[in-house]
Amino acid sequence: MPLTNISNEDFNKLVKFIHNQYGIDLSQKRQLVTSRLSSLLSQKGYSDFGPFVSDLLKKQDPADMELVLNRLTTNYTFFMREQEHFDFFQRTILPELVKRHQRDKVLAIWSAGCSSGEEPYNISIIIKEFLGAQASQWDTRVLATDISQKALASAKRGVYELPDTIPPAWRKKYFQPVPGGKQYMVAPILRNNVIFQTFNLMDPIKFRLKFDVIFCRNVMIYFDQPTKDALVQRFYDVTVPGGYFMISHSENLGKNAPYQTVAPSTFQKR
């Protein structure tokens with residue numbers, strides 16, 4: 001029988017812990033928490049939330065935490081999502097970056113919260129198409145991070161059902177059909193252009209390079225405004241002057257954002 005009740009004390013303890021550790025705000029999501037975690041409790045052999053929450057917070061087992069996070073958030077994405085971003089990236093940002101990096105030939109691009117990998121692979125295709133025959137002379141590897149090991153494992157596997165929005169030429173050049181089905185696997189030319197890494201966006205950002213472009217789309221929808229403001233400031237600090245930041249069309253940055261708006265859901269560090 002599904003569990004439907006969680007005490008105020010247990011709910012508040014769980015919400016506070018997840019907010020502090022991962023930035024995710026579940027304070028108004030009581031029904032979602034109970035409905036999505038009930039079956040997990042049953043699988044783990046718990047008959048109510050009290051002992052489950054107590055053990056979860058006491059042990060802080062990474063595998064259990066991941067199971068909980070996967071239930072409470074949605075790792076949903078697809079190729080060519082919010083295509084206007086990719087159009088702006090190709091039409092405006094890439095020409096600028098290629099001009100700026102003619103000497104070092106290194107682009108620093110981060111897909112933050114990459115989920116199952118479609119976004120960084122999509123970015124890579126557009127870069128390679130833009131550079132054409134020169135692509136091999138450039139280091140265009142995209143850093144792709146997520147907190148979920150499950151999502152990253154799927155991203156590294158790189159097997160997808162491709163939507164009709166993928167041009168046939170891309171399908172042929174960047175993907176290989178998986179025998180006996182409708183799925184495709186990303187080709188080595190694409191796989192080798194993405195560096196996948198586990199990363200919690202609540203942690204200090206200490207990567208080797210500052211970034212020309214940061215994509216963080218459909219991630220901050222789970223954060224309250226103070227958490228979002230602090231994260232945007234950390235992103236800003238690791239964006240190069242003149243660099244870009246993209247969020248989804250369903251999100252906003254808030255009044256005190258340090259970036260300047262240059263296109264819908266697209267911002268620049270002046």
Side-chain angles (χ1 to χ4, degrees), residues 11-30 32-33 56-57 60 62 65-66 68-77 81-82 85 89 93 108-115 119-120 123 142-149 151-152 195-270:
F11 177 71
N12 291 332
K13 279 198 293 189
L14 182 62
V15 165
K16 183 180 178 183
F17 175 79
I18 288 178
H19 182 267
N20 289 344
Q21 293 290 319
Y22 307 106
I24 297 168
D25 179 16
L26 297 166
S27 58
Q28 307 300 314
K29 303 284 178 69
R30 187 173 183 135
L32 179 143
V33 169
L56 187 73
L57 272 53
Q60 295 188 33
M65 287 310 312
E66 172 139 13
V68 169
L69 290 175
N70 284 336
R71 296 292 177 101
L72 297 177
T73 58
T74 306
N75 288 315
Y76 173 69
T77 186
R81 187 177 193 178
E82 299 189 333
H85 281 151
F89 179 64
I93 297 177
I109 297 171
W110 180 13
S111 170
C114 68
S115 188
E119 180 178 89
I123 294 166
V142 177
L143 174 66
T145 68
D146 204 278
I147 198 169
S148 168
Q149 296 280 356
L152 287 173
I195 300 166
F196 290 107
Q197 193 170 322
T198 309
F199 186 71
N200 182 347
L201 289 172
M202 294 303 100
D203 291 343
I205 301 171
K206 295 179 178 177
F207 296 113
R208 185 173 60 87
L209 295 175
K210 290 196 172 185
F211 295 96
D212 295 303
V213 190
I214 299 173
F215 289 79
C216 186
R217 305 187 303 166
N218 298 289
V219 175
M220 294 188 292
I221 50 174
Y222 296 108
F223 301 161
D224 59 22
Q225 198 61 50
T227 303
K228 196 190 300 184
D229 290 344
L231 176 58
V232 169
Q233 185 61 54
R234 291 200 297 281
F235 281 140
Y236 185 82
D237 292 341
V238 296
T239 304
V240 300
Y244 291 88
F245 177 56
M246 291 188 174
I247 62 174
S248 83
H249 293 304
S250 60
E251 300 171 293
N252 61 72
L253 287 193
K255 290 182 243 176
N256 302 316
Y259 291 99
Q260 290 191 342
T261 306
V262 290
S265 308
T266 303
F267 309 88
Q268 188 173 28
K269 180 174 180 174
R270 295 293 193 190

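- The two residues Ile247 and His85 come nearest to each other via the heavy atoms O-CE1, 2.7 Å.
- Atoms CE and CZ, from Met246 and Phe89 in turn, are 7.0 Å apart once rounded to the nearest 0.5 Å.
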- Task: Determine, step by step, whether Leu14 and Leu56 satisfy the side-chain contact (heavy atoms from CB on, under 4.5 Å) criterion, reporting the C-alpha distance in whole Å, the side-chain angles of both residues, the deciding distance to 0.1 Å, and the verdict.
- Result: CA-CA 9 Å; Leu14 182 62; Leu56 187 73; 3.7 Å; yes

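- In the displayed structure, Lys29 atom NZ is contacted under 6.0 Å by at most 12 heavy atoms of other residues, nucleotides or ligands.
- Note: Met202 CE to Thr227 OG1 = 6.0 Å, rounded to the nearest 0.5 Å.
- In terms of heavy atoms, Leu26 sits closest to Val15 at O-CG2, 3.9 Å.
- Side-chain atoms of Ser265 and Glu251 include no donor-acceptor pair closer than 3.5 Å.
- For the residue pair Asp25 / Ser27, a side-chain donor-acceptor distance below 3.5 Å is found, with atom types taken as modelled.
- From Trp110, atom CH2 reaches atom CG of Leu209 across 12.5 Å, with rounding to the nearest 0.5 Å.
- The nearest pair of heavy atoms linking Ala144 to Leu152 is O-CD2, 4.4 Å.
- Paired with Phe267 under the rule side-chain contact (heavy atoms from CB on, under 4.5 Å), one option of Thr239, Val232, Thr261 passes, and it is Thr261.
- The backbone N or O of Ile109 sits nowhere less than 3.5 Å from a side-chain atom of Asp212 that would complete a donor-acceptor pair.
- In this structure, Leu201 and Cys216 approach most closely via the heavy-atom pair CD1-SG, 4.4 Å.
- No donor-acceptor pair under 3.5 Å is formed between the side chain of Thr266 and the backbone N or O of Val262.
- Geometrically, Lys269 engages Tyr236 in a cation-pi contact defined by less than 6.0 Å to the ring centre and at most 45° from the axis.
- The shortest distance between side-chain heavy atoms of Leu69 and Ile24 falls below 4.5 Å.
- Atom CZ of Phe211 and atom CG of Asp237 lie 13.0 Å apart (nearest 0.5 Å).
- Across all non-hydrogen atoms, the minimal contact from Phe223 to Gly23 is CD2-O, 2.9 Å.
- In this model, no donor atom of one side chain and acceptor atom of the other lie less than 3.5 Å apart for Gln233 and Asp229.
- Counting only distance, with no hydrogens or angles, the side chain of Glu66 and the backbone of Gln149 share a donor-acceptor pair below 3.5 Å.
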- Checking side-chain contact (heavy atoms from CB on, under 4.5 Å) for the pair Leu143/Phe199: CA distance, chi angles, key distance, verdict? CA-CA 11 Å; Leu143 174 66; Phe199 186 71; over 6 Å; no

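- Here the closest non-hydrogen pair linking Asp146 and Ala151 is OD1-CB, 4.2 Å.
- Note that CZ of Arg217 is 11.5 Å distant from OG of Ser115, once rounded to the nearest 0.5 Å.
- One finds the CD1 atom of Ile147 at 3.5 Å from the CG atom of Asn200 (value rounded to the nearest 0.5 Å).
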- Assess whether side-chain contact (heavy atoms from CB on, under 4.5 Å) is satisfied between Thr145 and Phe207, documenting all intermediate values. CA-CA 12 Å; Thr145 68; Phe207 296 113; 4.3 Å; yes

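- Of the possible polar contacts, none joining the Lys228 side chain to the Ile221 backbone as a donor-acceptor pair under 3.5 Å is found.
- A centroid separation of 6.0 Å or more is found between the aromatic rings of Phe235 and Tyr259.
- Between the side chain of Gln21 and the backbone N or O of Ile18 there is no donor-acceptor pair closer than 3.5 Å.
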